[in-house]
2 protein chains.
Amino acid sequence: MTRPQKASADLSAQIAAAIRDAIVSGELIVDARLPSEAELSTQFCVSRPTVREALKRLAAQSLIRTQRGATGGAFVNRLSYAEAYRQQITTSTLLLSMNEVDFETACEARYTMERACAPLAAERREDEHLNRMRSEIARQQEPDLADSDFCASDVGFHRALVDAAMNPVLSYQLAGAVEAMQPLMNMITFISPYRETLIALHIRIADAMEQKDASSVVAGLDDLQRETMALSRKAIAKRAART
Amino acid sequence: MTRPQKASADLSAQIAAAIRDAIVSGELIVDARLPSEAELSTQFCVSRPTVREALKRLAAQSLIRTQRGATGGAFVNRLSYAEAYRQQITTSTLLLSMNEVDFETACEARYTMERACAPLAAERREDEHLNRMRSEIARQQEPDLADSDFCASDVGFHRALVDAAMNPVLSYQLAGAVEAMQPLMNMITFISPYRETLIALHIRIADAMEQKDASSVVAGLDDLQRETMALSRKAIAKRAART
DNA sequence: GGATCTTAATTGTCAGACAATTAATTGTAA
DNA sequence: TTACAATTAATTGTCTGACAATTAAGATCC
């Protein structure tokens with residue numbers, strides 16, 4: 001954790017980079033305590049506010065956590081799957097919403113990845129996953145369900161499918177792809193007949209999962225992608241017609 | 001951008017959350033200028049250092065950028081693909097390194113996702129991608145190449161394959177999976193005969209890509225996964241024997 | 001021994017100041 | 001009038017010093 005090198009950047013950014021490097025390189029291991037803010041400020045020859053800004057940067061990336069009190073301080077944080085999920089989702093959501101990624105590209109990416117999970121999911125699925133899928137389907141059949149809740153349930157259904165692959169790294173990677181689609185999906189209005197088509201496909205996929213029939217799951221996802229894309233085209237056409 | 005609600009957290013965290021919500025919800029659009037630090041400090045009834053800590057948190061997530069000078073200030077940042085890649089990779093790398101994710105799980109996730117790209121990649125690949133793959137193979141055949149450079153080239157090869165799918169969202173999602181494996185791969189020593197096996201598979205995959213033969217690409221990736229896992233088991237066994 | 005108080009260390013927050021940077025404005029000369 | 005230089009104002013970057021809040025450890029008392 002020596003003096004940072006890259007000039008022409010904020011001191012706080014330089015210090016944050018230096019500490020981050022120390023963490024990533026393993027020089028600072030999980031749960032290790034960093035020097036106190038006062039010590040860091042003398043080490044780096046900067047004031048405490050500057051050190052604090054650096055620490056806040058790291059905290060924003062969940063690289064450290066801080067504790068007040070006598071034995072408090074900043075500690076290297078173990079990045080939990082839950083935290084990683086959260087960051088993955090926010091980053092993906094922002095990327096999709098701010099970069100004007102068209103629906104088809106995002107949709108293709110999502111279903112491509114999801115199809116990849118299907119073989120593992122079909123083979124390893126447990127009753128828990130099947131139950132989650134079934135209960136989301138039941139929710140989707142509620143007649144007075146709002147569009148946004150329908151989409152949320154859709155996300156839940158697909159996450160259950162992904163989780164069934166029993167590979168946490170895969171679940172983590174897919175989390176972004178699946179959840180980030182929700183805002184885009186929310187722009188589609190799911191009127192009754194369309195919902196029924198999607199639900200029928202969900203049922204088909206769940207049945208295939210129950211029988212551990214991987215190729216049918218893949219085929220179901222294929223159809224679901226086609227259906228979703230067709231729906232989005234309709235929504236876009238309708239929006240264009242209105243203007 | 002009203003007063004934050006969640007109590008019992010740092011003021012700077014609350015303020016950061018409030019501004020982040022305003023950005024995510026679209027209340028603050030890309031390139032919009034936030035109020036100056038002085039204004040924010042009066043708006044939120046906190047001191048300027050506290051506001052600054054909040055802004056640094058957001059800057060760490062590339063949600064804003066700051067500019068000094070007369071017309072300076074904090075601006076909502078458009079999250080570029082490059083930025084998103086970077087964040088994706090650091091998060092994935094940390095998750096894998098700090099959570100003691102075993103090699104097989106990470107490897108399975110990576111190859112599962114990569115196989116999913118294969119059909120699109122085989123169909124859409126351009127000469128550029130093929131050239132990148134070939135040149136990485138050439139690099140891998142250099143006799144004096146260090147293990148870490150061999151791994152880096154391996155990553156380059158696979159990224160070219162993923163990019164050939166011509167879907168930036170997919171490339172973004174895969175970036176984490178592929179790059180985060182590199183530190184894990186670096187723990188394997190690639191002695192000469194093993195390298196040749198991997199290179200042969202790379203050549204097989206590149207040839208299949210050239211002929212746009214999707215199923216052969218998938219089969220090649222399958223074998224590559226098996227080979228990589230076998231190699232890692234050997235490395236682990238050797239390490240265990242040494243102690 | 002156990003409960004309570006004190007103390008010290010540490011982070012959280014504040015106020016005020018000055019330096020550095022940058023664009024707009026103003027002044028000046030060709 | 002135009003081109004260029006100096007000034008000015010706004011803003012972020014940084015520092016100093018202080019105090020509040022929190023927490024664990026030690027000291028004290030019963």
Side-chain angles (χ1 to χ4, degrees), chain A residues 1 3-20 22-23 28 30-77, chain B residues 1 3-20 22-23 28 30-77:
Chain A
M1 204 152 56
R3 197 64 200 280
Q5 62 285 46
K6 190 181 286 173
S8 79
D10 295 8
L11 286 176
S12 69
Q14 291 175 44
I15 293 166
I19 299 176
R20 178 166 34 242
I23 294 174
L28 284 169
V30 168
D31 290 333
R33 182 181 175 282
L34 271 63
S36 71
E37 295 175 354
E39 287 177 89
L40 285 172
S41 68
T42 60
Q43 267 187 42
F44 286 106
C45 305
V46 296
S47 66
R48 196 156 81 89
T50 303
V51 167
R52 283 181 61 79
E53 286 178 11
L55 294 179
K56 293 313 165 199
R57 292 178 117 109
L58 299 174
Q61 298 177 299
S62 330
L63 273 134
I64 60 168
R65 61 179 185 280
T66 53
Q67 247 179 350
R68 287 170 79 162
T71 58
F75 299 84
V76 178
N77 210 7
Chain B
M1 205 151 59
R3 198 65 201 281
Q5 64 283 46
K6 190 184 278 177
S8 78
D10 295 8
L11 286 176
S12 69
Q14 291 176 44
I15 291 166
I19 298 176
R20 177 165 34 240
I23 293 173
L28 285 168
V30 168
D31 290 333
R33 181 180 176 283
L34 272 63
S36 71
E37 294 175 354
E39 287 176 88
L40 285 173
S41 69
T42 60
Q43 267 186 42
F44 285 107
C45 304
V46 296
S47 66
R48 195 157 83 90
T50 304
V51 167
R52 282 181 62 79
E53 286 178 12
L55 294 179
K56 293 313 164 201
R57 292 178 117 110
L58 299 175
Q61 299 177 298
S62 333
L63 272 126
I64 60 167
R65 61 180 184 279
T66 53
Q67 245 179 351
R68 288 170 80 161
T71 59
F75 299 84
V76 177
N77 210 7

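Naming convention: chains lettered A, B, ... in sequence-line order (proteins, then strands); numbering from 1 in each chain.
Picking from D/dG13, C/dT13, C/dT11 the nucleotide with the shortest atom distance to the side chain of B/T66 gives D/dG13. Considering only the side chain of A/D10, D/dG13 comes nearest among D/dG13, C/dT11, D/dT11.
Between the CD1 atom of A/I15 and the P atom of D/dG13 there is a distance of 14 Å, rounded to whole Å. Distance CG (A/L40) to P (C/dG12): 13 Å, rounded to an integer number of Å. Atom NZ of A/K56 is separated from atom P of D/dT14 by 17 Å (rounded to the nearest Å). The CZ atom of A/R52 sits 14 Å away from the P atom of C/dT10 (whole-angstrom rounding). Distance, B/Q14 CD to C/dG12 C1': 12 Å, rounded to whole Å. The distance between atom CZ of A/F75 and atom P of C/dT11, rounded to the nearest whole Å, is 9 Å. Across the protein-nucleic acid pair, A/E53 atom CD and C/dT11 atom P stand 16 Å apart, rounded to whole Å. Remark: P of C/dT10 and CD of A/E39 are 6 Å apart, rounded to the nearest angstrom.
Separation of atoms CZ (A/R57) and CD1 (A/I19) is listed at 11.5 Å; rounding is to 0.5 Å.
Backbone-only engagement by A/R33 is indicated by non-hydrogen atom pairs under 4.0 Å involving sugar-phosphate atoms exclusively.
The shortest distance between side-chain heavy atoms of B/N77 and B/I23 does not fall below 4.5 Å. Proximity of B/L34 to B/V76: side-chain heavy atoms (C-beta onward) are separated by under 4.5 Å at one or more points.
Of the two residues near DNA chain C, A/P49 and A/G73, the one whose nearest nucleotide lies more 5' is A/G73. Judged by closest nucleotide on DNA chain D, B/L55 is the one of A/S47 and B/L55 placed further toward the 5' end.
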Can you give one letter per nucleotide of nucleotides 20-27 of chain D, going 5' to 3': B for a protein heavy atom under 4.0 Å from the base, S for sugar-phosphate only, - for none?
-> -BBBB---

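With respect to B/R68 and A/D10, no salt bridge is recorded, no charged nitrogen being found less than 4.0 Å from a carboxylate O.
Between the A/R33 side chain and the A/G72 main chain, a donor and an acceptor come within less than 3.5 Å of each other.
Phosphate proximity of D/dC15 to A/T50: present, with a side-chain N or O under 4.0 Å from OP1 or OP2.
In this structure, A/L40 and A/P35 approach most closely via the heavy-atom pair CD1-O, 3.6 Å.
Side chain A/R48 to base C/dT13: a donor-acceptor pair is found below 3.5 Å.
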For residues 46-54 of chain B, please give each side-chain donor-acceptor pair under 3.5 Å, one per line with the distance, not counting sequence neighbours.
{"residue": "B/S47", "atom": "OG", "partner": "B/T50", "partner atom": "OG1", "Å": "3.2"}
{"residue": "B/R48", "atom": "NH1", "partner": "B/E37", "partner atom": "OE1", "Å": "2.3"}
{"residue": "B/R52", "atom": "NE", "partner": "A/E53", "partner atom": "OE2", "Å": "2.8"}
{"residue": "B/R52", "atom": "NH1", "partner": "B/E37", "partner atom": "OE1", "Å": "3.3"}
{"residue": "B/R52", "atom": "NH1", "partner": "B/E37", "partner atom": "OE2", "Å": "2.8"}
{"residue": "B/R52", "atom": "NH2", "partner": "A/E53", "partner atom": "OE1", "Å": "3.3"}
{"residue": "B/R52", "atom": "NH2", "partner": "A/E53", "partner atom": "OE2", "Å": "3.4"}
{"residue": "B/E53", "atom": "OE1", "partner": "A/R52", "partner atom": "NH2", "Å": "3.3"}
{"residue": "B/E53", "atom": "OE2", "partner": "A/R52", "partner atom": "NE", "Å": "2.7"}
{"residue": "B/E53", "atom": "OE2", "partner": "A/R52", "partner atom": "NH2", "Å": "3.3"}

